[in-house]
Amino acid sequence: MNAFIVAMIVVMFNGVPQYWYNINETNPHPSMFSCETQIADNRFQQQVLQRFNTTFQNKVAVIRLACIPKEKVAEYKIWAEEKNNANREQ
């Protein structure tokens with residue numbers, strides 16, 4: 001199974017958390033274990049956090065990383081878009 005890394009980030013605006021969901025990496029892995037091992041590495045987490053802070057002008061408070069199977073990527077993108085749109089309306 002090829003797995004993809006998904007970054008789920010929490011961005012703080014005015015002290016209120018806003019959740020933004022995004023696929024951060026699309027590197028294939030030979031197994032879910034391989035993917036989960038990579039995202040458990042603190043150095044990798046810091047690299048992802050730094051990239052998001054560059055994008056969001058140092059307003060990212062927390063990131064949460066998860067692996068999803070390749071066949072779920074399209075479904076996840078639809079779900080993420082719906083959640084992001086709902087967050088914009090608040």
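Numbering of residues begins at 1 and proceeds along the displayed sequence.
Sorted by first then second residue, the salt bridge (charged side-chain N to carboxylate O under 4.0 Å, His left out) pairs that include residues 49-58, not counting sequence neighbours, are Glu25-Arg51. Each ring-ring contact (aromatic ring centres under 6.0 Å, His included) pair with one or both residues in residues 51-88, not counting sequence neighbours, appears once here: Tyr21-Trp79, Tyr76-Trp79. For residues 22-88, the pairs satisfying disulfide (SG to SG under 2.5 Å) are Cys35-Cys67, with sequence neighbours left out. For residues 75-84, every residue pair satisfying the salt bridge (charged side-chain N to carboxylate O under 4.0 Å, His left out) rule, not counting sequence neighbours, is listed here: Lys72-Glu75.
Applying the side-chain contact (heavy atoms from CB on, under 4.5 Å) criterion to Val62, with sequence neighbours excluded, gives Val10, Arg64. Considering only residues two or more places apart in sequence or on other chains, Asn53 meets the side-chain hydrogen bond (donor to acceptor under 3.5 Å, both in side chains) condition with none of them.
The two atoms that bring Val48 and Ala7 nearest to each other are CG1-CB, 4.4 Å, heavy atoms only. The two atoms that bring Ile23 and Ile5 nearest to each other are CG2-O, 4.0 Å, heavy atoms only.
To the nearest 0.5 angstrom, Arg43 atom CZ is 11.5 Å from Gln46 atom CD. Note that CG of Asn22 is 7.5 Å distant from CG of Asn84, once rounded to the nearest 0.5 Å. Taking CD1 of Ile63 as the reference point, atom CE of Met8 lies at 10.0 Å (rounded to 0.5 Å). From Lys70, atom NZ reaches atom NE2 of His29 across 13.0 Å, with rounding to the nearest 0.5 Å. Considering CE of Met32 and CD1 of Ile68, their distance stands at 8.0 Å, rounded to 0.5 Å.
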